[in-house]
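See below for the structure under consideration.
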Amino acid sequence: MITGRDEEALTRGLDDLDGLRRRVVNVVGHALRTPVTTIAGMAIALRATEDEATRAMLLDGLERNARRAEGLLDDLLLAAGVSTALPAGDPESRSVRSTFDAAWGSLGAAGEFTFVGADLGVRVRADAFERIARVVLDNALKYGHGPIAVAVEPTSSGVRIEVESFGDLPTDDELDNAFELFYRGEHAVMAAPGLGVGLPVARELARGEGGEVRLTRRGDAIVATLELPS
C-alpha cells in the first residue's frame, strides 16, 4: 500500500530526476554549441574561398574547434564513469614537480606556486597525471585567493599531493557535492564560469591510476588532496 509519504518521496525523486535531465541538456547544449557552430561556419567559408592563405587559416580553425569539442566529450564521458574514455598507454615514472610546473605554465598563471617537500615520482599514465594536475591547479586559481602551495609526501602505498589555496570557504553541502557531474555550488557560481566537470574528471582519472582525489577544508584553506601510486 502506497502511503502519502511514499507518494511525496516518489514525486520528489521524479522532480530531482527531471531537474538533473534539464541540467545535463542545458550544460551540454551550451558547451557544445560554440565549437559546433564555429565548425559549421568555417566549413561553409572553406567551401566558398579559393584563397590558399584563407583556406589554411580555416583548416587550422576547424581542427582547433573539432579538438575542443572532442575534448569536451571525452571529459563528459570520463566524468560519467565511462572507462573506455580513460587515457591509453602504459604507466611510467613521472616527476611530481615537473608535471605541476608544466600544468601551471599551460594555465598561463601569473607568479609561481610554492612547492613543499621532496620531488617524488609517481607511476602513472603521463596524460592522466597532467590532466589531473591542470584540474586541481585551475580549481585553486579560479576559486581561491592569494598564494597556492603544493605539498608532497610519501605514503605507505605511494605519494600524497596536497594543493592548498585560500578563499571563500565552501559549505558542507558544496564539499559533499563537489565531485557530482555538473554540480556548481553558490561559491563556485559567483567566483568563475564553468561546467562542473573538472573535479569529476580528475577523480575518475585518479581512480583509473589506482589513486583518489578529495576536497576538504583546513582552517581557512581549501585543500585538494591527490593520492597516487609511486
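Computed from heavy atoms alone, side chains included, the values below leave out hydrogens, waters and symmetry copies.
- I148 approaches S165 most closely through the heavy-atom pair CG1-CB, 4.2 Å.
- With contacts defined as side-chain heavy-atom distances shorter than 4.5 Å, the pair V150/L137 qualifies.
- Between I132 and A202, the closest heavy-atom pair is CG1-O, 3.9 Å.
- The hydrophobic cluster containing L107 also contains F115, counting ILVMFWY residues as joined when their side-chain heavy atoms lie under 4.5 angstrom apart, directly or transitively.
- Counting only heavy atoms from C-beta outward, the side chains of L226 and V136 never approach each other to under 4.5 Å.
- For the side-chain hydrogen bond (donor to acceptor under 3.5 Å, both in side chains) test, residues two or more places apart in sequence or in another chain that qualify with D138 are K142.
- Between A133 and T99, the shortest heavy-atom contact is CB-CG2, 4.2 Å.
- Applying the ring pair (Phe, Tyr, Trp, His ring centres under 6.0 Å) test to every pair with at least one member in residues 198-230, sequence neighbours left out, gives no pairs at all.
- With sequence neighbours excluded, the residues forming a side-chain contact (heavy atoms from CB on, under 4.5 Å) with V122 are R94, V96, V124, F129, V159, L228, listed by chain and number.
- Judged by distance alone, with hydrogens and angles left aside, the side-chain atoms of R125 form a donor-acceptor pair with the main-chain N or O of G208 at under 3.5 Å.
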Start with the C-alpha distance between V152 and F100, add both sets of side-chain angles, then the distance that settles side-chain contact (heavy atoms from CB on, under 4.5 Å), and finish with yes or no.
CA-CA 11 Å; V152 183; F100 271 78; over 6 Å; no
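- For the side-chain contact (heavy atoms from CB on, under 4.5 Å) test, residues two or more places apart in sequence or in another chain that qualify with T37 are R33.
- Looking at D119, its side chain does come within 3.5 Å of a backbone N or O of R97 through a donor-acceptor pair.
- Shown here are the side-chain contact (heavy atoms from CB on, under 4.5 Å) partners of E153, two or more places apart in sequence or in another chain: R160.
- Considering every non-hydrogen atom in both S106 and A103, the closest pair reads OG-O, 2.7 Å.
- Across every non-hydrogen atom of A206 and V213, the tightest pair is CB-CG2, 3.6 Å.
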Which pairs would a plain distance check flag for residues 54-64, meaning a side-chain donor or acceptor within less than 3.5 Å of a matching protein atom at least two apart in sequence or in another chain?
from : atom 1 : to  : atom 2 : distance (Å)
T54  : OG1    : D51 : OD2    : 2.8
R55  : NH1    : L46 : O      : 3.4
E63  : OE2    : R67 : NE     : 3.4

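- Of all heavy-atom pairs between P147 and F166, the closest is O-CD1, 4.2 Å.
- In the hydrophobic cluster analysis, where Ile, Leu, Val, Met, Phe, Trp and Tyr join through side-chain heavy atoms closer than 4.5 angstrom, L120 is grouped together with I161.
- Using a cut-off of 4.0 Å between Lys/Arg side-chain N and Asp/Glu carboxylate O, E212 and R203 are scored as salt-bridged.
- Inter-residue side-chain proximity for V163 and F113 is flagged as unmet; no heavy-atom pair is nearer than 4.5 Å.
- For the atom pair CD of E209 and CD of E204, the computed distance is 12.0 Å after rounding to the nearest 0.5 Å.
- In this structure, the separation between CG on N65 and OG1 on T34 is 9.0 Å, given to the nearest 0.5 Å.
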